[in-house]
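Structure first, commentary second.
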Amino acid sequence: DCTIKIQSYVTFMSEDMMSVVLNEQIDMQEISYLDLFCINVDIPSGQILDNKNMVEFSEELGKEFRSASNMQNGEMDFINMISDKEIAAYMEDNKSGIVFYTPVGLELGFNYAIEEQSGWVTATFKDYQKLIKKI
């Protein structure tokens with residue numbers, strides 16, 4: 001038996017950008033998997049943007065994310081066990097990375113699977129203009 005639940009949310013929409021986030025949950029007998037899948041659309045061009053086209057990922061951003069996540073979510077052991085460079089790589093990857101707009105700012109993070117546990121972690125960046133690549 002397998003149960004799949006997907007909830008979709010339009011987290012942001014303006015004349016220039018739309019962000020849609022899918023909250024995915026898969027349950028199979030003793031295994032459960034959770035993740036977020038993000039779709040960002042440049043409205044004028046109709047182009048779907050991937051993470052690499054949206055944000056300038058760097059080791060410095062990984063460091064900023066760690067600090068923001070610890071402040072917003074509390075300290076998480078698995079985040080403190082990986083390097084700033086690894087954090088940036090997870091966020092940049094289109095499979096694990098989470099990037100979407102909200103009315104508050106830009107939400108950045110990544111999906112993770114550690115041993116038999118999966119989930120996601122994000123942090124809100126209110127001052128995000130310096131992170132955005134020009135389209």
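- When N51, L131, V121, I98 are each tested for a side-chain contact (heavy atoms from CB on, under 4.5 Å) with L108, only one passes: L131.
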Go through the steps for D42 and S45 under the test side-chain hydrogen bond (donor to acceptor under 3.5 Å, both in side chains), then give the verdict.
-> CA-CA 6 Å; D42 177 63; S45 71; 2.5 Å; yes
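- L34 and M28 end up in different hydrophobic clusters when Ile, Leu, Val, Met, Phe, Trp and Tyr side chains are linked at under 4.5 Å.
- Closest heavy-atom contact between F12 and Y101: CB-O, 3.3 Å.
- Side-chain atoms of F125 and I132, non-hydrogen and from C-beta on, never get closer than 4.5 Å to each other.
- In this structure, N80 and N70 have side chains that are in contact, with non-hydrogen atoms separated by less than 4.5 Å.
- Heavy atoms only, all atoms of each residue included: A68 and A123 are closest at CB-CB, 3.9 Å.
- Checking side-chain atoms of K133 against main-chain N and O of K52 turns up a donor-acceptor pair under 3.5 Å.
- Remark: I79 CD1 to S67 OG distance equals 11.5 Å, nearest 0.5 Å.
- The two atoms that bring C38 and F100 nearest to each other are SG-CD2, 3.6 Å, heavy atoms only.
- Counting heavy atoms of neighbouring residues, nucleotides and ligands inside a 6.0 Å radius, atom CE of M76 exceeds 12 of them.
- M17 is not connected to Y9 by any chain of hydrophobic side-chain contacts under 4.5 Å among Ile, Leu, Val, Met, Phe, Trp and Tyr, and they are in different clusters.
- Counting heavy atoms of neighbouring residues, nucleotides and ligands inside a 6.0 Å radius, atom CD1 of I114 exceeds 12 of them.
- Cluster annotation: I6 is not connected to V21 through the hydrophobic network of ILVMFWY side chains, with a link wherever side-chain heavy atoms come within less than 4.5 Å.
- Residues E107 and T102 have side chains that never bring a donor and an acceptor to within less than 3.5 angstrom of each other.
- Taking 4.5 Å as the limit, some side-chain heavy atom of Q47 sits within range of a side-chain heavy atom of N53.
- Between the side chains of Q29 and D1, no donor N or O sits under 3.5 Å from an acceptor N or O.
- Contact check on K130 versus E60 returns no salt bridge, with no Lys/Arg side-chain nitrogen under 4.0 Å from an Asp/Glu carboxylate oxygen.
- Between the CD1 atom of I4 and the CD1 atom of I26 there is a distance of 5.0 Å, given to the nearest 0.5 Å.
- The shortest distance between side-chain heavy atoms of I82 and I87 falls below 4.5 Å.
- For the pair E15/I43, no side-chain contact is recorded, criterion being any heavy-atom separation below 4.5 Å from C-beta on.
- Legend: residues meeting salt bridge (Lys or Arg N to Asp or Glu O under 4.0 Å) with E24, ordered by chain and number and at least two apart, are absent.
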Verdict with supporting geometry, D35 and S118, side-chain contact (heavy atoms from CB on, under 4.5 Å) | CA-CA 7 Å; D35 77 354; S118 66; over 6 Å; no
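- Looking at residues two or more places apart in sequence or on another chain, you find no salt bridge (Lys or Arg N to Asp or Glu O under 4.0 Å) involving K5.
- Within the 4.5 Å cutoff, the side chain of V55 has heavy atoms near those of the L106 side chain.
- Residues V10 and M18 have side chains in contact (heavy-atom distance under 4.5 Å, counting atoms from C-beta outward).
- To the nearest 0.5 Å, atoms CD (E92) and CD (E56) are separated by 8.5 Å.
- Under 3.5 Å, the side chains of N23 and Q25 contain no donor-acceptor pair of N or O atoms.
- In this structure a side-chain-to-backbone donor-acceptor pair under 3.5 Å is present from N40 to V99.
- Counting non-hydrogen atoms of neighbouring residues, nucleotides and ligands closer than 6.0 angstrom, the OH atom of Y90 reaches no more than 12 such neighbours.
- Here the side chains of S19 and I39 are not in contact, with every heavy-atom distance at 4.5 Å or above.
- E75 contributes atom CD, which lies 9.5 Å from atom CZ of R66 (distance to the nearest 0.5 angstrom).
- The hydrophobic clustering, which links ILVMFWY residues whose side-chain heavy atoms are closer than 4.5 Å, places M54 and L36 apart.
- No single ILVMFWY cluster, assembled from side-chain heavy atoms under 4.5 Å apart, contains both M81 and F65.
- Note on ring orientation: taking the six-membered ring where Trp is involved, the planes of F110 and F78 are perpendicular (angle over 60°, cut-offs 30° and 60°).
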